[in-house]
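Some notes on the structure that comes next.
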Protein chains: 2
Amino acid sequence: MTSTNDRVVPPAARRRRRPTKTGVVLSGELIVETALRLLKEHGADALTVRRLGLALGADPSALYRYFRDTDDLLLAVADELIGRTLRDWRPTGDWRADLRDLGLRVHSGSLAHPQAAVLSSYRVTGRAHEIQAVETILGVLRGAGFPDAEAVRIYHAFVDQALAFAALDAASTALPPAAREAEAGVWRATYARLPADSHPNIAATARHLVHDMRRSAYPTALDMLLGAAAARLAEITGGGRAAGTGPVRDGMRPAAD
Amino acid sequence: MTSTNDRVVPPAARRRRRPTKTGVVLSGELIVETALRLLKEHGADALTVRRLGLALGADPSALYRYFRDTDDLLLAVADELIGRTLRDWRPTGDWRADLRDLGLRVHSGSLAHPQAAVLSSYRVTGRAHEIQAVETILGVLRGAGFPDAEAVRIYHAFVDQALAFAALDAASTALPPAAREAEAGVWRATYARLPADSHPNIAATARHLVHDMRRSAYPTALDMLLGAAAARLAEITGGGRAAGTGPVRDGMRPAAD
DNA sequence: ACCTGAACACCGTTCAAGT
DNA sequence: ACCTGAACACCGTTCAAGT
């Protein structure tokens with residue numbers, strides 16, 4: 001079986017393309033852009049091969065010349081999103097501020113295309129833009145002074161936290177309007193009305209819950225992760241223990257799941 | 001429009017049910033259990049009204065007497081999963097150990113039903129089991145000494161991080177076998193082979209990446225979050241500032257996204 | 001070489017008719 | 001009261017035929 005990443009025909013071999021009935025000349029880039037536009041304008045349910053063909057002015061089956069299947073198209077969309085998110089980012093040299101900015105960019109980039117993000121945030125594309133992002137983030141951590149094993153461990157937690165919250169919050173944003181409104185109402189209509197004798201902790205904090213649960217918890221979780229990373233770095237660089245050697249023994253030790 | 005949570009007919013009004021053609025007596029519970037079994041045995045694509053009807057021995061359209069639509073069924077599945085995850089959990093009195101255990105349970109519970117988790121982890125059900133979970137976790141944090149506003153903020157970050165990682169890791173687990181294998185191979189086949197001159201940070205850490213990216217980063221992220229929470233608690237209780245009053249000013253301050 | 005159109009095997013949901 | 005079966009408006013994907 002061939003890899004999911006290859007197109008059916010390598011781009012270079014597709015030189016002179018016959019325009020479709022409506023005069024459009026198809027290309028992978030045009031299809032990805034159109035897919036992103038469809039997702040943005042009409043939601044996740046709108047990304048069907050048939051509607052994509054219609055939007056492009058081509059027969060749906062023509063798309064199978066460019067992408068093996070819908071999953072292959074989705075990975076291309078995912079990589080394009082990563083590229084857009086990091087296109088104009090530049091490091092400042094302050095590792096903590098840089099990671100904070102990167103995390104918030106990934107998160108808000110996902111919310112700008114929630115339907116695409118919810119379908120693709122958890123995928124490893126192995127394509128150009130993703131590789132560039134991995135290289136950049138590892139560079140920030142190694143530049144800060146984290147030894148390699150530690151840099152990778154924190155890289156993994158940082159990236160997966162960003163992607164996981166991006167997908168979570170994108171999923172809420174991308175919910176059909178009826179379900180979205182129903183969920184927003186649950187905190188006011190259900191939680192805020194629970195009696196104190198059966199649910200003392202919810203009743204005592206209801207006011208805070210109604211206020212806080214509307215916003216994303218990602219900025220809080222991100223700052224907690226960065227705070228823990230900074231504490232760890234201080235321990236490594238200030239504690240006199242040789243950096244990068246020996247097992248990690250305290251605080252943020254790896255744990256069996 | 002009626003709420004997403006109501007069934008078409010209240011359970012009490014459905015007394016004597018006619019068995020289906022194949023002799024099965026339908027019920028909401030039976031349908032939810034069958035849906036979970038279908039998801040587990042045949043993956044997320046198997047949860048269709050038609051296949052569920054087939055598995056139950058009933059006409060697909062009969063299910064619409066019990067659930068408004070597939071989303072309504074999904075929320076019932078989500079709440080059932082929460083219930084199973086916390087069914088036999090008991091607090092030890094050590095807030096940090098208790099939260100760690102709860103987080104790991106949510107995560108591994110999701111991986112036990114990845115197809116269900118990926119569809120439902122980001123939903124607010126407002127149903128019985130979810131309410132019980134919120135009450136329990138808030139109780140642990142308030143019992144630890146966090147003032148109400150802080151307890152809610154940390155509750156939100158803790159729960160959303162657990163659910164977000166659960167969904168992320170469940171999504172990888174639930175991927176169709178071909179895509180799953182392709183992703184696993186990307187770290188070895190693509191990242192581990194990048195040259196040091198173009199990608200120095202990836203090349204320097206390739207060995208760690210191949211090893212680390214196979215596992216979930218959740219235990220690391222969870223320990224980092226709990227470490228930051230512990231530091232914050234020490235600050236509040238040891239720092240002499242009145243608990244629960246005044247704005248939070250340092251370290252883990254809330255941030256605009 | 002590339003696009004088209006028909007075909008196949010599916011979906012969720014509604015509603016009149018049956019029991 | 002509850003289940004059934006037909007109907008409607010969709011899906012993704014394949015492949016022989018057209019240009």
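Labels below follow one simple rule: chain letters A, B, ... track the order of the sequence lines, proteins then strands, and each chain is numbered from 1. Just the heavy atoms: all of them, side chains too, but no hydrogens, waters or symmetry mates, feed the values below.
C:dA1 atom P lies 17 Å from atom CG of A:L26, rounded to whole Å. Taking atom CG on A:D45 and atom P on D:dC11, their separation rounds to 10 Å, with Å as the unit. Summarising the geometry, the separation between CG on B:D69 and P on C:dC15 is reported as 14 Å, rounded to the nearest angstrom. Spacing between atom CG of A:L63 and atom C1' of C:dT4 amounts to 12 Å, rounded to whole angstrom units. Taking atom CZ of residue B:R65 and atom P of nucleotide C:dG12, one finds them 19 Å apart after rounding to whole Å. Regarding A:R50, its CZ atom lies at a distance of 9 Å from the C1' atom of D:dT13, rounded to whole Å. Rounded to an integer number of Å, the gap from CZ of A:R68 to C1' of D:dT14 is 15 Å. Atom CD1 in A:I31 sits roughly 8 Å away from atom P in C:dC3 (whole-Å rounding).
Distances shorter than 4.0 Å separate none of the side-chain N or O atoms of B:T48 from OP1 or OP2 on C:dC10. Residue B:K21 has no polar side-chain atom (N or O) positioned under 4.0 Å from OP1 or OP2 of C:dT19. The side chain of B:Y66 places an N or O atom within less than 4.0 Å of a non-bridging phosphate oxygen (OP1 or OP2) of D:dC3. Considering only side-chain N and O atoms, B:S61 lies nowhere under 4.0 angstrom from the phosphate OP1 or OP2 of D:dC3.
For the 3.5 Å distance criterion, the side chains of A:T85 and A:R105 fail to qualify, holding no donor opposite an acceptor. Under 3.5 Å, the side chains of B:Y218 and A:Q161 contain no donor-acceptor pair of N or O atoms.
Which of D:dC11, C:dT4, C:dG12 sits closest to the side chain of A:R51 comes down to D:dC11. For B:Y64, taking side-chain heavy atoms from C-beta onward, the closest of the listed nucleotides C:dT4, D:dA1, C:dT13 is C:dT13. For A:D59, counting side-chain heavy atoms from C-beta on, the closest listed nucleotide (D:dG12, C:dT4, D:dG5) is C:dT4. Comparing D:dC3, C:dG12, C:dC3 by their closest approach to the side chain of B:T20 singles out D:dC3.
The partner of C:dA7, taking Watson-Crick or G-U wobble pairs whose two distances both stay under 3.5 Å, is D:dT13. Base pairing annotation: D:dT19 forms a Watson-Crick or G-U wobble pair with C:dA1, both donor-acceptor distances under 3.5 Å.
Taking the nucleotide of DNA chain D with the nearest heavy atom to each of B:T22 and A:T70, the more 5' of the two is matched to B:T22.
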Discussion item. side-chain contact (heavy atoms from CB on, under 4.5 Å) for A:Q115 and A:K40? Distances and angles first, verdict last.
Written reply: CA-CA 7 Å; A:Q115 289 85 1; A:K40 186 156 203 78; 5.6 Å; no
Discussion item. Please evaluate residues A:R65 and A:D72 with respect to the criterion salt bridge (charged side-chain N to carboxylate O under 4.0 Å, His left out), reporting the C-alpha separation (whole Å), side-chain torsions for both, the decisive distance (0.1 Å), and the verdict.
Written reply: CA-CA 12 Å; A:R65 293 222 149 249; A:D72 193 30; over 6 Å; no
Worksheet entry | Stepwise salt bridge (charged side-chain N to carboxylate O under 4.0 Å, His left out) test for B:E33 and B:R37 | CA-CA 6 Å; B:E33 278 165 28; B:R37 183 165 57 79; over 6 Å; no
